[in-house]
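Below you'll find the structure, written out as structure tokens, and then a few comments.
By convention here, the first residue in the shown sequence is residue 1. The structure displayed is predicted, hence computed values, not measured ones.
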Amino acid sequence: MDGGLRVLLSTVLCLSQSFISCSSPYPSFLTEPASLVQSRGSLARLRCLVSPPSAAVTWRFRGLALDRDTLPGVELGEGSLTIPSLNPGHVGVYQCVARLDHGQAIASRHARVAIAEISEYEDVRRRSLSVLEGSAVLVECPLPRSVPPALPRLRVRGERTEASTDDYLVLPSGNLQIIAVASRHQGMYKCGAFNPVTGETVMQSHGTKLSVKKSDSALPVRIVYPTTPVTVSVQQSQPLVLECIVSGRPAPVAKWFKNGKEVPPGPSHERKHTNLAFAAVMRSDEGAYVCSAETERGTVVSANYTVNVLVPASVTEGLTNRLISPGSSTRLTCGAKGNPSPNITWLFNADPISPSDRFQVSGSSLILTNVTPQEEGVFQCLLDNGIGSAQSHGTLTVQSDPQLGSTAGVQLEASPSLHPMQSDEGHELFLTEDEGDVINLPSSRGGDRPTPEAPIIISPPQTHKPDVYDLEWRAGRDGGSPINAYFVKYRKCLATSDPSSMLHSSLELRPCVAVPPFPKLRTEEDAPMRV
């Protein structure tokens, strides 16, 4: 930054006698609605709290304005949307919008409402499974479709089993493994699944009958499962078990390979018998996996697992507030990540932007050209990839008085005076390196070194916290003296809906040069200074 010093200035712009009273000219969210899954006929509620409280809150359903007429059975209250009895007509994407009287508006992220349900198992004939004693056995029980995903609830020889034991390994896929089958394992096995929201359990109608034959001879090594390619999609941070059933006697040792390289032991995964278990999958766990085992005749290899990690949409580079001159151009960039790749929708005052000569979408950027005061307001990027939704917003202010500055920010006049500045209320402000400390002022400037240049406000005053500014101080043309104190003069601003009024408040900043033993201001690597 050309050797300049950036500091954070917090100052009061609006006073009301003995207490501070400032309000932002733009709305913001305190709470955004969150996606939910509820049982059919149950109560469902979405919440949306905004600031300032005077902002009007409306709702959208599947992208259209929502009211009691367009969607019966919905109750709209202050900051909430209530569905007393959830039915299929209520399933879909919701969004709340906060709008001020002068038109500035902001839209929330998407919230999905779904009904919890679970499908029945397909009606298949009873299966018979005959195996040799000592071999590994897999009872395939793929879970039926369920919202949210179902949990295994099997019946093993007439008894319900939902967790692994010494004899049985119950896997998240619903499958049941017997590591070394014995005669005591003979009997009937039925697949079952449980929906954690509805509390409903569905069972397979027929099941699998297991019979065990004795054998004293060695058993050949072979891969029992998987024998065909398997694609697994799992959401990030969720557990995952890649199953590998290797049969043989003596018990073979299985190895796992990812993208052709052996999977080493690690903190995020472990071996469970011949399976590979992840406590919480990460995006880096994506890839192609196989398990293998050595035999006298060579290596046997399983079919391929393709692991796809789903990641909710999120913002990696958010929008910032901008202050620009009329007729100029600017680029708004919204960095996004997620798997699948998120779709980006651009909004202006909560309404979708249609590309035009003045609004051009280029990748993850929105380019505004020939900006006019009509473009003042809230710009947003709304991300959604079906797994999750996120949004980022920033305000655009068009400078009404070109003499106040340029696209870089607001240029304020500096004064060489060193005496403390007073507000119209008679208060003195001293800004120092530590909050609440006061520096004794020097009686003279001390030398003929040039006064530092005036501070430049990088972010516009129209922020959610209108008393916070980013400032950059540059040294004078001849180097100047280090800055270690500065002063603010302010006066009351009239209540108005005009967002440019904040710019016309009287704000005067005066730097002072370093005079020992005053402490030096912190550098850019240090923490910012505050009032």
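- Heavy atoms only, all atoms of each residue included: Cys334 and Ile344 are closest at O-CD1, 4.1 Å.
- The shortest side-chain heavy-atom distance between Tyr26 and Thr397 falls under the 4.5 Å cut-off.
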Practice problem: Give the C-alpha distance, both sets of side-chain angles, the deciding distance and a yes or no for side chain to side chain contact (heavy atoms under 4.5 Å, CB included) between Thr395 and Gln104. | Solution: CA-CA 9 Å; Thr395 60; Gln104 316 295 0; over 6 Å; no
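- Of the possible donor and acceptor atoms, none in the side chain of Ser392 sits under 3.5 Å from a partner among the backbone N and O of Gly318.
- Note that CZ of Phe379 is 5.0 Å distant from CZ of Phe359, once rounded to the nearest 0.5 Å.
- Atom OG in Ser325 sits 5.5 Å away from atom CD in Gln399 (nearest 0.5 Å).
- Arg112 places no side-chain N or O within donor-acceptor distance of the main-chain N or O of Ile387, the cut-off being under 3.5 Å.
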Exercise. Under the side chain to side chain contact (heavy atoms under 4.5 Å, CB included) rule, what do Leu332 and Leu368 come out as? Steps first, then yes or no, please.
Key: CA-CA 8 Å; Leu332 308 179; Leu368 285 67; 4.1 Å; yes
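- Within the 4.5 Å cutoff, the side chain of Pro148 has heavy atoms near those of the Pro196 side chain.
- Of the possible polar contacts, one joining the Arg109 side chain to the Pro33 backbone as a donor-acceptor pair under 3.5 Å is found.
- Donor-acceptor pairing under 3.5 Å is recorded for the side chains of Ser365 and Thr333.
- Looking at heavy atoms from C-beta onward, Pro355 lies out of side-chain contact with Gln360 at the 4.5 angstrom threshold.
- For the atom pair CG (Leu310) and OG (Ser237), the distance works out to 11.5 Å, reported to the nearest 0.5 Å.
- Within the 4.5 Å cutoff, side-chain heavy atoms of Leu46 are placed close to those of Trp59.
- Counting only N and O atoms by type, the side chains of Arg358 and Thr372 include a donor and acceptor under 3.5 Å apart.
- Within the 4.5 Å cutoff, the side chain of Asn259 has no heavy atoms near those of the Tyr289 side chain.
- Thr70 places none of its side-chain heavy atoms less than 4.5 Å from the side chain of Phe61.
- Counting heavy atoms from C-beta on, the side chains of His90 and Leu71 come closer than 4.5 Å.
- Between Val57 and Cys96, the shortest heavy-atom contact is CG1-CB, 4.4 Å.
- Across all their heavy atoms, Cys381 and Leu319 have their closest contact at N-CD1, 3.9 Å.
- Separating the CE atom in Met282 from the CG atom in Leu240 is a distance of 12.0 Å, to the nearest 0.5 Å.
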Quiz item: For Cys48 and Val50, what are the C-alpha separation, side-chain angles and deciding distance, and is it a side chain to side chain contact (heavy atoms under 4.5 Å, CB included)?
Solution: CA-CA 7 Å; Cys48 181; Val50 302; 4.1 Å; yes
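- Side chain of Ser389 to main chain of Leu383: a donor-acceptor pair is present (N/O by atom type, distance under 3.5 Å, no hydrogens or angles).
- Heavy atoms only, all atoms of each residue included: Phe257 and Val263 are closest at C-CG2, 3.9 Å.
- With hydrogens and angles ignored, the 3.5 Å screen pairs no side-chain donor or acceptor of Arg99 with any backbone N or O of Pro27.
- Between the side chain of Gln380 and the backbone N or O of Phe348, no donor-acceptor pair lies under 3.5 Å.
- A donor-acceptor distance shorter than 3.5 angstrom exists from the side chain of His269 to the backbone of Pro264, with no hydrogens or angles considered.
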Quiz prompt | side chain to side chain contact (heavy atoms under 4.5 Å, CB included) between Phe278 and Val241, worked out | solution = CA-CA 6 Å; Phe278 299 84; Val241 177; over 6 Å; no
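- The side-chain hydrogen bond (donor to acceptor under 3.5 Å, both in side chains) contacts involving residues 338-351 comprise Arg60-Asp351, Glu286-Asn339, Asn308-Asn339, where partners must be two or more places apart or lie in separate chains.
- Expressed to the nearest 0.5 Å, how far CG of Leu151 lies from CG of Leu143 amounts to 8.0 Å.
- Scanning all heavy atoms of the two residues, the minimum distance from Val97 to Ala107 falls at CG2-CB, 4.2 Å.
- The pair Glu32-Arg47 does not meet the salt-bridge criterion, since no charged nitrogen lies less than 4.0 angstrom from a carboxylate oxygen.
- With rounding to the nearest 0.5 Å, the separation of CG in Asp384 from CD in Gln391 is 12.5 Å.
- Here the side chains of Ser85 and Asn87 are not in contact, with every heavy-atom distance at 4.5 Å or above.
- With Thr369 contributing its side chain and Asp357 its backbone, the two residues share a donor-acceptor pair below 3.5 Å.
- Looking at residues two or more places apart in sequence or on another chain, you find no ring pair (Phe, Tyr, Trp, His ring centres under 6.0 Å) involving Phe29.
- Residues Arg45 and Thr82 have side chains that bring a donor and an acceptor to within less than 3.5 angstrom of each other.
- Pairing each heavy atom of Pro312 with each of Asn385, the nearest pair is C-ND2, 3.9 Å.
- Checked by atom type and distance alone, the side chain of Asn195 pairs as donor or acceptor with a backbone atom of Val147 at under 3.5 Å.
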